[in-house]
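Here the structure is laid out as structure tokens; the discussion comes afterwards.
Values in this document were obtained by computation on a predicted structure and should not be read as measured data. Each chain gets a letter, A, B and so on, in the order the sequences are listed, and its residues count up from 1.
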Amino acid sequence: MITKFQEKVYNVVQKIPKGKILSYKEVAKLTGSPRASRAVGNALNRNPFKEVPCHRVIKSDGTLGGYAKGAKEKARILKKEGYLKNGL
DNA sequence: GACCTGACTCAAC
DNA sequence: AGTTGAGCCAGGT
């Protein structure tokens, strides 16, 4: 079951281009509630849409934050996307 | 409808 | 600069 809020969140996150990263705060702002960063993380965690690149959403500090499949996997994907580096 | 929880954020110590 | 506390939003019980 999805709510209007989640729908907005998935819609915004889905529009994130490759190599682009948005913070939970930014996504929350786009959804209409700049303070709903937690609700955004909540929605992304239960994200039913595999097309939604939830791994492109990180904390405002620049840290990855969390990931439904594991923060490690998230970091790995971001590396592949080009946001993070392999350590080089 | 109130209470609890969660991938957050900001401010203070 | 790292840890802790309080604030805020939505979903589920």
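- Contacts of residues 35-54 of chain A with DNA chain B (heavy atom under 4.0 Å): A/S37, A/R38, A/A39, A/G41, A/N42, A/L44, A/N45, A/C54.
- Near DNA chain B, meaning a heavy atom under 4.0 Å from it, residues 55-65 of chain A has A/K59, A/S60 in order of number.
- Note that CG of A/L64 is 5.5 Å distant from CG of A/L78, once rounded to the nearest 0.5 Å.
- Note that NZ of A/K29 is 12.0 Å distant from OG of A/S37, once rounded to the nearest 0.5 Å.
- The cluster map of Ile, Leu, Val, Met, Phe, Trp and Tyr, joined by side-chain heavy atoms under 4.5 Å apart, puts A/F5 and A/Y24 in the same cluster.
- Pairs passing the salt bridge (charged side-chain N to carboxylate O under 4.0 Å, His left out) check and including a residue from residues 49-71 of chain A, sequence neighbours excluded, read A/R56-A/E81.
- Interface residues of residues 4-26 of chain A facing DNA chain C, ordered by number: A/F5, A/Q6; criterion, heavy-atom separation under 4.0 Å.
- Put simply, the side chain of A/K20 never gets that close to the backbone of A/K15: no donor and acceptor are under 3.5 Å apart.
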When you compare the protein's N or O atoms with those of nucleotides 1-4 of chain C, which come within less than 3.5 Å of each other, and at what distance?
none

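- Taken together through direct or relayed side-chain contacts under 4.5 Å among Ile, Leu, Val, Met, Phe, Trp and Tyr, A/I58 and A/V12 form parts of separate hydrophobic clusters.
- A/S23 and A/V57 make their closest contact through C-CG1, 4.1 Å (heavy atoms, listed as atom of the first residue, atom of the second, distance).
- Taking CD from A/E7 and OG1 from A/T31, the interatomic distance works out to 12.5 Å, rounded to the nearest 0.5 Å.
- Criterion: ILVMFWY side-chain heavy atoms under 4.5 Å apart, direct or through other members. Under it, A/I21 and A/L30 are not part of a common hydrophobic cluster.
- A distance of 15.0 Å separates CD1 in A/I77 from OH in A/Y83, rounded to the nearest 0.5 Å.
- Reading DNA chain B from its 5' end, the first and the last nucleotide to sit under 4.0 Å from a heavy atom of chain A are B/dG6 to B/dC10.
- Residue A/Q6 holds its CD atom at 9.0 Å from CG of A/N47, rounded to the nearest 0.5 Å.
- Between A/A28 and A/A36, the shortest heavy-atom distance links the atoms CB-C, 3.7 Å.
- Without hydrogens or angle criteria, A/K8 side chain to A/G32 main chain gives no donor-acceptor distance under 3.5 Å.
- Hydrophobic cluster membership is shared by A/Y10 and A/I16, with clusters built from Ile, Leu, Val, Met, Phe, Trp and Tyr side chains linked at under 4.5 angstrom.
- Counting heavy atoms from C-beta on, the side chains of A/V27 and A/V9 come closer than 4.5 Å.
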